[in-house]
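Just below is one structure, and these are the notes that go with it.
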Amino acid sequence: MHHQKLDSFPSDFLWGSASAAYQVEGAWDEDGKGESVWDKFVKIPGKTFKGTTGEVAVDHYHRYKEDVQLMAEQGLKAYRFSISWPRIIPDGNGEVNEAGIKFYEDLIDELLANEIEPVVTLYHWDLPQALQDEYLGWEGRQIINDFTRYCEIVFKRFKDKVKYWVTLNEQNVFISHGYLAASHPPNVKDPKRMLQANHHANLANAKAIKLFHELDIEGQIGPSFAYGPTYAFDADPKNQLAAENREEINANFWMDIYVYGRYPKVAWKYFEDNGIAPTIEVGDFDLLKEGKPDFLGLNYYQTATVKENRLDGVGAGKPNYTGEKGSTEESGMPGLYKEVSNPYVEYTNWDWAIDPSGLRIAMRRMTSRYDLPILITENGLGEYDRLEADGRIHDEYRINYIRDHIVAIQEAITDGVEVIGYCTWSYTDLLSWLNGYQKRYGFVYVDRDESNEKELKRYKKDSYFWYKKVIETNGQEL
Ligand code: BGP
């Protein structure tokens with residue numbers, strides 16, 4: 001669709017940026033915090049890039065005031081961060097740790113004092129290890145009540161200060177990496193266990209949303225989903241069908257349950273035929289229907305392009321976690337699809353497609369299927385950055401990336417999509433779960449690397465100043 005003129009961004013548009021507790025905070029065992037599954041997983045040799053951990057990360061726990069000051073000076077309107085469950089309840093379902101609550105209360109107060117809207121993610125992957133030990137975490141049904149209790153504690157403490165809440169971050173990523181690829185905790189490769197854990201995550205998500213609505217909190221809540229739309233490689237019907245397969249298994253299967261409380265038929269039949277469909281209990285679908293989100297959070301990085309893949313075709317290949325361009329192995333799901341490279345787009349050094357139109361397509365497809373407002377909870381470019389001798393970082397590649405994606409959002413708005421805001425990933429540089437510290441996303445450079453924490457000094461990148469202008473002009477000056 002071509003437009004004569006693009007609509008302006010709404011005047012209350014949330015120009016934001018994001019982070020996650022484990023990736024920025026550090027202080028992994030301070031002030032009564034319990035161990036999380038990530039604290040433990042990163043110690044398994046070979047699991048993370050050069051053995052990196054978030055034990056210190058970028059020390060946001062001790063430097064949050066300095067970080068919020070940088071946001072304030074930039075004019076940031078919203079900051080999305082996550083609360084670490086084991087800081088609030090160290091063993092997951094026992095005593096509350098007041099010191100943990102206090103850290104987030106101080107952070108929220110600091111944001112509000114600087115007129116920055118806090119957007120709180122309740123779960124960004126750092127499950128209390130104690131729950132993993134007690135009942136296998138997401139595989140145990142008890143997680144539904146324990147997660148809801150944790151949310152209730154947090155809702156009640158912060159309900160007067162926080163208006164935007166994200167339940168689970170990228171359920172599709174933490175479940176598939178955790179239970180199929182064994183590249184996240186709990187380090188399992190078992191599709192049946194994966195789908196059972198996933199069903200519980202769906203129920204926990206719904207129950208927390210239902211509770212939020214029952215508590216009559218003034219605000220909005222929804223999950224954040226990692227949606228990368230699928231393209232068929234060409235008009236060959238076989239490849240078109242492969243694209244349908246990927247959309248059904250990787251997108252509809254996850255988002256339909258959030259919004260409609262049901263699993264789509266084709267995905268469900270596929271899992272049943274393969275003997276891996278989850279066990280459902282009486283009342284599950286009622287609860288799933290009662291937990292309808294107010295908005296959908298969208299984490300968008302890239303699209304995928306696919307071709308037909310026969311039953312004896314290619315399976316999961318190793319992704320590129322090293323930043324060596326072109327090192328991604330061929331990958332697919334036998335019988336469904338295989339990923340191929342798209343000749344129409346450029347790729348990053350980590351082989352991620354750079355495709356702003358894909359963001360517009362994602363928003364359009366979500367609006368068409370779900371008709372809910374969208375909050376873009378993540379979007380950004382992970383690249384190598386160079387700190388110059390004069391303390392500058394010339395990241396024009398990041399500026400170009402974000403600019404093109406902002407234009408895509410404006411086009412989507414003009415198409416008729418309702419958008420609450422845009423949070424870039426990430427505010428400061430931070431730990432990438434599997435790619436160490438060299439894959440940088442921030443507006444603010446943090447001087448540390450894999451082997452040396454140095455002084456963790458902050459530097460403003462060129463993109464910091466550029467985004468400041470974007471915010472000031474409400475997206476008119478890009
Ligand atoms: C998303 C996660 C983020 C962040 C981002 C970038 O999947 O929600 O936490 O890590 O991806 O990914 P990566 O660090 O792998 O480059």
Side-chain angles (χ1 to χ4, degrees), residues 16-25 36-38 41-42 47-50 52-54 57-58 60 79-84 119-127 166-178 180-181 183-185 201 222-228 250-251 254 296-304 318-325 327-328 331 347-354 358-359 362 375-385 397-398 401-402 405 422-443 446 450:
S17 192
S19 73
Y22 188 71
Q23 297 177 273
V24 292
E25 286 177 5
S36 82
V37 291
W38 271 93
F41 178 77
V42 293
K47 285 292 172 188
T48 65
F49 181 69
K50 295 192 175 169
T52 38
T53 78
V58 295
H60 177 69
Y79 176 53
R80 171 181 179 236
F81 61 93
S82 79
I83 292 185
S84 170
V119 177
V120 172
T121 306
L122 290 152
Y123 184 78
H124 204 126
W125 308 350
D126 45 357
L127 183 79
V166 173
T167 46
L168 303 179
N169 178 71
E170 296 189 351
Q171 185 183 328
N172 55 330
V173 171
F174 80 78
I175 290 287
S176 58
H177 285 53
L180 201 58
S183 56
H184 278 195
S224 269
F225 186 75
Y227 181 37
N250 288 14
W254 311 79
L296 286 175
L298 167 60
N299 291 0
Y300 173 79
Y301 289 91
Q302 58 172 332
T303 45
K318 260 208 348 246
N320 166 1
Y321 294 132
T322 57
E324 212 178 293
K325 199 168 184 172
S327 65
T328 304
S331 195
Y347 285 84
T348 72
N349 279 312
W350 277 260
D351 300 326
W352 288 27
I354 301 177
L359 173 55
L375 173 60
I376 297 161
T377 34
E378 286 180 31
N379 171 244
L381 175 67
E383 263 307 336
Y384 298 110
D385 286 333
Y397 36 90
R398 183 167 294 104
Y401 180 101
I402 297 176
H405 285 76
Y422 174 61
C423 293
T424 67
W425 186 264
S426 54
Y427 193 70
T428 61
D429 288 341
L430 41 68
L431 170 70
S432 166
W433 306 92
L434 302 177
N435 307 279
Y437 289 94
Q438 62 170 11
K439 189 181 187 189
R440 296 173 182 273
Y441 281 92
F443 291 126
V446 179
E450 280 73 21

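Both ligands and their constituent atoms are indexed starting at 1 by order of listing.
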task: Give a yes or no on whether the ring-centroid distance for Y384 and W350 is below 6.0 angstrom.
output: yes
message: Can you confirm whether or not the ring centre of W254 sits under 6.0 Å from the ring centre of Y227?
response: no
field: T328 and D351 side chains, donor-acceptor separation under 3.5 Å
entry: yes
message: We want to know whether Y79 and S19 form a side-chain donor-acceptor pair, criterion being a heavy-atom distance below 3.5 angstrom.
response: yes
query: Can you tell if the side chain of I354 reaches within under 4.5 Å of the side chain of T348, non-hydrogen atoms only?
result: yes
Check: R80 side chain, T377 main-chain N or O, donor-acceptor pair, under 3.5 Å: yes
Residues in the immediate environment of ligand 1 (any heavy atom closer than 4.0 angstrom): Q23, H124, W125, N169, E170, N299, Y301, W352, E378, W425, S432, W433, N435, K439, Y441
